[in-house]
Structures are given as structure tokens and as C-alpha cells.
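Below is one structure, written out as C-alpha cells; the observations come after it.
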Amino acid sequence: MESLGVLLLHPMNAYLEQELDRRFRLIRLWDSPPDARADFLRSNAAAIRAVVGNAGYNADSALIDALPALEIVASFSVGIDRVDLAKCRERGIRVTNTPDVLTDDVADLAVGLAIAALRKIPQADRYVRAGLWKAKGDYTLTTRFSGKRVGIIGLGRIGLAIATRVEAFDCPVNYYQRTKKEYPNYTYYPSVVELAANSDVLVVACPLNEQTRHIVNREVIDALGPKGVLINIGRGPHVDEPELVSALVEGRLGGAGLDVFEDEPNVPEALFTLDNVVLVPHVGSGTHETRQAMADLVLGNLEAHVLKKPLLTPVV
């Protein structure tokens, strides 16, 4: 398997990088300065048969065109919107991702963000650390999470895991997706606007594609309203970010818990001073346990490809 040349696009996990280096011929894209990347790819193109990317760095059209020997793209992520799937199909390039193993962590974070946003946990933490409890007395009252109507955009693996968790808090579950399914305990709404209007907490958990880009727009935000909270553990472009920022600043939206952003790692600075938003740096799957499981899936898919066995988690 050492003969498989693997291009790793970005440092993403120490265990994954170590194992790729041990099992294959590892080529690190960042070994070349950014202004010399084209020459670097040209000089290594014949050897590169596999690419390993993630949600932020992946095989776009230009990269695929630069690698004539490319056979497989193994993504260290569930999201593959940065992979040119059409070009991969056209070239017969296989594509894999890492579903299932990160479902629990992302669902846990969604619930954690909702509770943190409503109960203002980060703000209360800062209040204590700044000595304000002693100086000014008790912290302001907040809003409970239990019993809130939770609307979920997309009842896939992660959406269903979120629904199961919030049921334990006696939260009625509403949902929207393209196809209505028979979930006897959950209420379906035929549009995201209707879902938002009937939810206290709206969670984005659908895949990102052209149909879901900016699925949360001004109309949806206004339907959620000044007491509503938006939680995004999907992808940044699911939400019209300028509209979200203005709604939070103007008080047209009650609050938000955000793990993802439109132009990561760039976050709108207007959010930094707001007291009604909780921000985390795309850490939905960021536990030791899940990242190792994701790495093992990437490695298993590459080994299966070399051995001409069925891929573990094929997308293309």
C-alpha cells in the first residue's frame, strides 16, 4: 500500500497524518509555499492517486484537473460540498466521507448550544470571572430550554439524533425536509418559514447544496422572531450571514448558537460584542474519540481502494 501516493491538503489530525505517512506515500500540500503550489502539484501529479481533504479544504475542479492520476478522494468530514462531485463522476474518481461516527458529537453540541444560548452560560461564566457576582450581585434571569418547541431542518442522521435528545427535555419536535416521512411523534411543516414560525429553537442540520444554500434567509429569521433562537451545526452557507447579523443586532432574532460560518475562519466582527449569541469554531465533531473514528474511516476507505474491496462509506 506504500505505493499509493496520498495528497493531504491541510493539517487536520495528528493521528491521521501519522497513519497516512506509515501506510502510504504521504505528500503534504503545505510543504510548498502557496505561490509555488501549481509547480508542486505538477512535479508530484504522476504519484498522487488519492486526495484527503476535509470540510474546509477539498478536491475542487482545479485540483482534480491538476491530478491526472487521481483515483479517490477520501474526505475527513461528512460534508463534501467542496468536492466537485460532477467532475469526479465524469473522471471515474471515487469519493468517500465519514458519516455516522460524528453524529452523536454534533447532536450533543446542537443541544449544548441551544442550552448555552437560552441560559446564557458563557455570559454567566464571564460574569463570575470578571468579579461581577461579588461586585454587582446575582446574574440576570435567563430562559429555560425544557419544553421549547424545537424545529429541525433536515431529519437525517444528525437531525434524528438531535430530535431524540431534545425529547428528553420534553421539547415538541417539528421538522422540515424535502420529503415528508412518517414520524408519529414529530410534526412536519411544508416550508422552512412555517417551521420557523412554529418553533422556539430552529436547528439547521441538513446537507449543504444549491437548494439549501441560504435556506435560512430574512423571511425565515423574521418568522422565528425576537424570542427565537437559531442553532447552526450544519454549514455556514446554510444561513444568509449578513441577514443573521443584522437580525441579532436589531433584536429581530432572540439569539443564536453558531458552530459554522460562511467564510471560515473569518467570523463577522459584529457578532463579537453581542450578548445574544454563542460562538464556537466549527467543533461539532471535535472530540478525541470521534476524530480518531473519522481518521480510521479515511484510512479504511483508502486501504479498501488499494485492495480493490468495497469502500466502507462511498459517496461516488
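Predicted model only: the values in this text are computed from it and were never measured. Computed from heavy atoms alone, side chains included, the values below leave out hydrogens, waters and symmetry copies.
With T212 contributing its side chain and I215 its backbone, the two residues share no donor-acceptor pair below 3.5 Å. A distance-only check finds a donor-acceptor pair linking the side chain of R91 to the backbone of I64 [under 3.5 Å]. At least one donor-acceptor pair closer than 3.5 Å links the side chain of D259 to the backbone N or O of V283. Although no hydrogens or angles enter the test, the distance criterion places no donor-acceptor pair under 3.5 Å between the side chain of N276 and the main chain of G255. Of the possible polar contacts, one joining the Q177 side chain to the L155 backbone as a donor-acceptor pair under 3.5 Å is found. A donor-acceptor contact shorter than 3.5 Å links the side chain of N174 to the backbone of N198. Remark: the backbone N or O of A55 is paired with a side-chain donor or acceptor of R235 at under 3.5 angstrom. With hydrogens and angles disregarded, a donor-acceptor distance shorter than 3.5 Å links the side chain of Q123 to the backbone of D275. Looking only at distances, no side-chain donor or acceptor of S199 sits under 3.5 Å from a matching main-chain atom of A196. D21 places no side-chain N or O within donor-acceptor distance of the main-chain N or O of E17, the cut-off being under 3.5 Å.
Using a 4.5 Å cut-off between side-chain heavy atoms of Ile, Leu, Val, Met, Phe, Trp and Tyr, with links allowed through other members, F24 and M294 fall into the same hydrophobic cluster. Cluster annotation: V298 is connected to L26 through the hydrophobic network of ILVMFWY side chains, with a link wherever side-chain heavy atoms come within less than 4.5 Å. The same ILVMFWY cluster, assembled from side-chain heavy atoms under 4.5 Å apart, contains both L67 and I27. Residues I72 and M12 share a single hydrophobic cluster, defined by chaining ILVMFWY side chains whose heavy atoms lie under 4.5 Å apart. Using a 4.5 Å cut-off between side-chain heavy atoms of Ile, Leu, Val, Met, Phe, Trp and Tyr, with links allowed through other members, V78 and V106 fall into the same hydrophobic cluster.
What you find for L299 and E19 is that their closest heavy atoms are CD1-CB, 3.5 Å. Residue V73 comes nearest to C88 through the heavy atom pair CG2-SG, 4.4 Å, listed as atom of the first residue, atom of the second, then distance. Nearest heavy-atom pair across L224 and L230 is CD2-N, 3.9 Å. Of all the heavy atoms in V193 and A223, the pair that sits closest is O-CB, 3.7 Å. Heavy-atom minimum distance, I152 versus G159: CD1-O, 3.6 Å. When all heavy atoms of C206 and H238 are compared, the closest pair comes out as O-CE1, 2.8 Å.
A salt bridge links D222 with R252; the closest basic N to acidic carboxylate O contact falls under 4.0 Å. Here R213 pairs with E210 in a salt bridge; the nearest charged N to carboxylate O distance falls below 4.0 Å.
Aromatic ring pairs are classed by plane angle as parallel below 30°, tilted from 30° to 60° and perpendicular above 60°; the pair H10 and W30 is perpendicular. Between Y188 and Y176, the ring planes lie parallel to each other; the angle is under 30°, not in the 30° to 60° tilted range.
With a 6.0 Å radius and a threshold of 12 heavy atoms from other residues, nucleotides or ligands, E219 has its CD atom at or below the threshold. For CD of E250, the number of neighbouring non-hydrogen atoms (other residues, nucleotides, ligands) closer than 6.0 Å is greater than 12.
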Report task. Test side chain to side chain contact (heavy atoms under 4.5 Å, CB included) on T98 and T313 and set out the steps. Result -> CA-CA 7 Å; T98 58; T313 53; 5.7 Å; no
Discussion item. For a side chain to side chain donor-acceptor pair (under 3.5 Å) check, start with the C-alpha distance between D39 and S32, then their side-chain angles and the critical distance, and finish with the verdict.
Written reply: CA-CA 9 Å; D39 290 337; S32 68; over 6 Å; no
| task | Step by step, work out the side chain to side chain contact (heavy atoms under 4.5 Å, CB included) result for V216 and I221. | result | CA-CA 7 Å; V216 177; I221 291 168; 3.8 Å; yes
**Asked** Step by step, would you call F169 with I115 a side chain to side chain contact (heavy atoms under 4.5 Å, CB included)?
**Response** CA-CA 11 Å; F169 290 87; I115 295 172; 3.9 Å; yes
Side chain to side chain contact (heavy atoms under 4.5 Å, CB included) for V316 and I93? Distances and angles first, verdict last. CA-CA 7 Å; V316 173; I93 297 167; over 6 Å; no
- Message: One pair to check against salt bridge (charged side-chain N to carboxylate O under 4.0 Å, His left out): D200 and K227. What are the steps and the verdict?
- Response: CA-CA 7 Å; D200 302 303; K227 292 186 177 180; over 6 Å; no
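Contact annotation: the side chain of I233 approaches that of V203 to within less than 4.5 Å [non-hydrogen atoms, C-beta and beyond]. For the pair E241/L271, no side-chain contact is recorded, criterion being any heavy-atom separation below 4.5 Å from C-beta on. Contact annotation: the side chain of Y186 never approaches that of K181 to less than 4.5 Å [non-hydrogen atoms, C-beta and beyond]. Side-chain contact between L202 and V220 is present, with heavy atoms from C-beta onward closer than 4.5 Å. Under the 4.5 Å side-chain criterion, counting only non-hydrogen atoms from C-beta, L41 is in contact with L7. With a 4.5 Å cut-off on side-chain heavy atoms, N54 and N13 do not count as touching. By the 4.5 Å heavy-atom criterion applied to side chains, F261 and N266 are not counted as neighbours. Looking only at side-chain heavy atoms (C-beta outward), P268 and E262 stay at 4.5 Å or farther from each other.
With rounding to the nearest 0.5 Å, the separation of CG in L160 from OH in Y175 is 9.5 Å. Atom CZ of R94 sits about 8.5 Å away from atom NE2 of H305, to the nearest 0.5 Å. Atoms CG and CZ, from L302 and R23 in turn, are 9.5 Å apart once rounded to the nearest 0.5 Å. Between the CG atom of L208 and the CD1 atom of I80 there is a distance of 11.0 Å, given to the nearest 0.5 Å. Summarising the geometry, atom CH2 belonging to W133 is positioned 10.0 Å from atom OH belonging to Y127; distances are rounded to the nearest 0.5 Å. From I162, atom CD1 reaches atom OG1 of T103 across 9.5 Å, with rounding to the nearest 0.5 Å.
Side-chain polar atoms of S285 and R291 form a donor-acceptor pair below 3.5 angstrom.
Across V260, L113, L258, a single residue satisfies side chain to side chain contact (heavy atoms under 4.5 Å, CB included) together with V280, and that is L113.
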